[in-house]
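Shown next, in structure tokens, is the structure this report addresses.
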Amino acid sequence: MTTRTAAAIVWLRNDLRLADNPALLAAVKSADSVTALYIHETGPVRAPGAAARWWLHHSLADLGNALAERGIPLVTASGDAPQCLADAIASTGASAVFWNRRYAPQERAVDAGIKDWLKRDGVQVVSFAANVLIEPWDIATGQGKPYSVFTPFWRALKQRDIPTPLPRPEGDRIAPTAIAADYQQPAWASKLAPYWRIGESGAREALADFLDERLEDYKLGRDFPAATVTSRLSPHLRFGEISPRQVWHAAMALAQREPGLAEAVDKFLSELSWRDFNYHQLYHRDDISTVPMQAKYAGIKWRHAPDDLKAWQTGQTGFPIVDAGMRELWETGTMHNRVRMLVASLLAKNLLIDWRLGEHWFWDCLLDADVASNPGNWQWVAGSGLDASPYFRIFNPVVQGERFDASGDYVRQWVPEIADLPDKWVHQPFAAPAEVLRQANVVLGETYPVPIVDLKTSRERALAAAKAL
DNA sequence: TCATTTTTTTC
DNA sequence: AAAAAAATG
């Protein structure tokens with residue numbers, strides 16, 4: 001139980017919201033004066049990549065205004081988390097600190113260390129569950145073990161009562177504090193802006209738009225990258241501008257109102273639950289951003305191929321749907337889910353390049369790169385994850401392009417230099433007759449790359465590498 | 001015999 | 001998931 005104090009700090013991390021924020025609510029209820037603190041941490045905790053850092057900057061600015069509406073100043077600091085927190089306690093005179101829990105091994109170590117010295121110094125510390133549907137240790141198999149297969153995890157999760165979202169705290173308006181101007185927007189950042197509305201109200205709007213307008217098509221449409229049927233919630237979830245519990249309850253309420261949408265809601269929430277499944281693994285396994293969850297995958301002989309990696313990163317592989325995805329990522333800070341699987345499969349299987357290099361690139365370029373989902377999903381594609389894509393699932397970017405982008409709309413949007421090719425060849429310019437290429441003004445090797453790898457032989461090479469394990 | 005569909009195989 | 005092999009008509 002918390003005791004009433006004069007001043008308290010709520011240390012915000014991946015929970016940049018007012019609603020359904022138990023740490024914030026508890027701080028406001030327990031103290032006369034609350035200061036919100038955000039620390040740009042140095043040290044063992046994985047810092048956001050460049051794209052996410054840009055999002056963070058704007059999200060904090062939005063949050064600072066929203067908090068001021070409730071009488072709470074937002075203070076930012078940079079450096080070692082314990083030191084920054086100690087400084088904030090000294091300057092505010094806080095006798096209590098509140099936060100919402102995080103689950104990466106490095107994060108838990110930092111938080112546990114801080115909890116120890118705060119308690120020793122007589123500062124009250126209270127932490128809460130806020131950023132997952134269920135905390136990793138609160139769900140287990142019949143044998144009491146962590147889940148390693150998604151479907152039983154999902155079945156068990158559905159049986160559970162997901163906590164109802166909490167209200168925003170009350171408070172009287174104060175003048176907003178200026179967010180420390182320690183962030184120089186990179187030149188490329190402005191190009192991302194038109195695609196997003198950053199902040200808590202933007203997140204709620206994105207959820208409402210999705211549920212109102214796109215959810216009904218989600219189950220079938222989610223695989224087609226040219227269609228805008230996905231929720232686009234991931235960067236909002238990444239920074240906790242909205243909680244998965246809010247998403248869960250909003251979708252469940254919709255299924256109640258519109259029974260015809262129940263199946264679509266179920267599919268959507270199962271995809272949302274992959275996020276929790278990855279958090280479950282993040283907590284229970286060794287560092288999932290570096291250690292293969294299936295130990296034998298540590299033995300793969302990855303190729304050292306910097307030129308191939310560069311071609312992949314820059315969308316110059318010669319496979320249109322892969323190049324489209326990599327360019328979409330660079331331009332918008334996101335990539336359609338199906339295309340993420342295709343580009344990852346090409347890297348980790350056809351190119352036989354270490355998935356960690358791909359994970360690292362995604363970490364830097366994705367607005368939504370998350371400590372659990374990003375490595376978890378990379379391991380899924382690479383085959384080293386739990387309940388992973390099996391070793392023999394090697395996506396053929398031509399077949400997948402023809403299946404999921406049959407009209408070529410997606411490819412033409414992001415790879416304009418081949419836009420004039422007819423549908424029949426737009427996913428495989430390298431196989432098009434010379435006359436077709438000429439008419440579309442495509443010169444292979446000049447206006448668009450020749451494929452950097454042969455699909456058939458590289459597929460066999462990937463199967464052999466898996467066999468060798 | 002050939003084209004199409006179905007089944008099997010692939011660490 | 002894709003490719004190869006087998007079955008079908």
Side-chain angles (χ1 to χ4, degrees), chain A residues 148-151 154 219-227 230 267 270-271 274 277-278 281 285-286 288 291-303 308 312 317-326 335-356 358-359 362 375-408 410-411 423-432 451-469:
Chain A
S148 54
V149 183
F150 174 74
T151 304
W154 162 235
K219 200 174 176 191
L220 288 174
R222 58 184 288 274
D223 270 324
F224 295 86
T230 56
K267 183 65 190 167
S270 84
E271 295 298 327
W274 272 96
F277 184 68
N278 284 321
Q281 307 313 335
R285 321 280 164 187
D286 292 334
I288 63 169
V291 182
M293 291 186 240
Q294 291 186 53
K296 65 181 174 184
Y297 273 81
I300 289 200
K301 300 281 182 287
W302 301 107
R303 288 172 65 239
D308 288 350
W312 178 82
T317 68
F319 298 104
I321 200 160
V322 171
D323 294 338
M326 299 308 290
M335 193 194 305
H336 187 278
N337 174 256
R338 168 133 309 253
V339 189
R340 293 189 196 200
M341 296 192 286
L342 303 183
V343 304
S345 173
L346 191 85
L347 187 80
K349 299 208 164 160
N350 297 95
L351 292 173
L352 208 63
I353 291 175
D354 194 333
W355 61 268
R356 295 172 195 83
E359 196 273 345
F362 270 31
N377 290 334
W378 267 96
Q379 292 217 38
W380 184 88
V381 175
S384 65
L386 293 166
D387 198 22
S389 168
Y391 69 94
F392 52 81
R393 184 177 295 173
I394 299 168
F395 291 100
N396 180 319
V398 177
V399 172
Q400 290 280 314
E402 288 170 347
R403 188 174 303 159
F404 295 110
D405 186 38
S407 59
Y410 177 74
V411 151
D423 293 359
K424 183 171 161 61
W425 303 107
V426 79
H427 289 291
Q428 46 176 343
F430 51 86
I452 61 171
V453 69
D454 178 72
L455 290 178
K456 185 174 157 69
T457 55
S458 62
R459 181 176 188 278
E460 286 160 3
R461 180 175 65 186
L463 288 171
K467 188 175 187 174
L469 290 174

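Note on naming: letters A, B, ... go to the chains in the order of the sequence lines (proteins, then strands), and numbering restarts at 1 for each one.
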Rounded to whole Å, how long is the line connecting atom [atom1] of [X] with atom [atom2] of [N]?
{"X": "Leu455(A)", "N": "dA3(C)", "atom1": "CG", "atom2": "P", "answer": "8 Å"}
{"X": "Phe392(A)", "N": "dT9(B)", "atom1": "CZ", "atom2": "P", "answer": "13 Å"}
{"X": "Phe319(A)", "N": "dA2(C)", "atom1": "CZ", "atom2": "C1'", "answer": "15 Å"}
{"X": "Leu342(A)", "N": "dA1(C)", "atom1": "CG", "atom2": "P", "answer": "10 Å"}
{"X": "Phe404(A)", "N": "dA1(C)", "atom1": "CZ", "atom2": "P", "answer": "7 Å"}
{"X": "Gln400(A)", "N": "dA2(C)", "atom1": "CD", "atom2": "C1'", "answer": "9 Å"}
{"X": "Asn350(A)", "N": "dT10(B)", "atom1": "CG", "atom2": "P", "answer": "20 Å"}

TODO: To the nearest 0.5 Å, tell me how far Phe362(A) CZ sits from Met326(A) CE.
DONE: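 Phe362(A) CZ to Met326(A) CE: 5.5 Å, rounded to 0.5 Å.
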Classify [X] by what it touches in the nucleic acid, base, sugar-phosphate, or nothing, heavy-atom distance under 4.0 Å.
{"X": "Ala464(A)", "answer": "nothing"}
{"X": "Leu463(A)", "answer": "nothing"}
{"X": "Tyr391(A)", "answer": "base"}

Task: Short side-chain N/O contact to dA1(C) OP1/OP2 from Arg459(A), under 4.0 Å - done: no
Open item on the list: Check the phosphate of dA4(C) against Lys456(A), side-chain N and O only, distance under 4.0 Å to OP1 or OP2. Yes or no?
Closed with: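 Yes, because at least one side-chain N or O of Lys456(A) sits under 4.0 Å from OP1 or OP2 of dA4(C).
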Task: Expected output: side-chain Asn278(A) to main-chain Trp274(A) donor-acceptor under 3.5 Å - done: yes
- [ ] If the plane angle is over 60° it's perpendicular, under 30° parallel, otherwise tilted; pick one for Phe319(A) and Phe430(A).
- [x]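 Rings of Phe319(A) and Phe430(A): perpendicular, over 60°.
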Task: Distance-only donor-acceptor check, side chains Gln294(A) and Ser384(A), under 3.5 Å - done: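 Distance-only check fails for Gln294(A) and Ser384(A).
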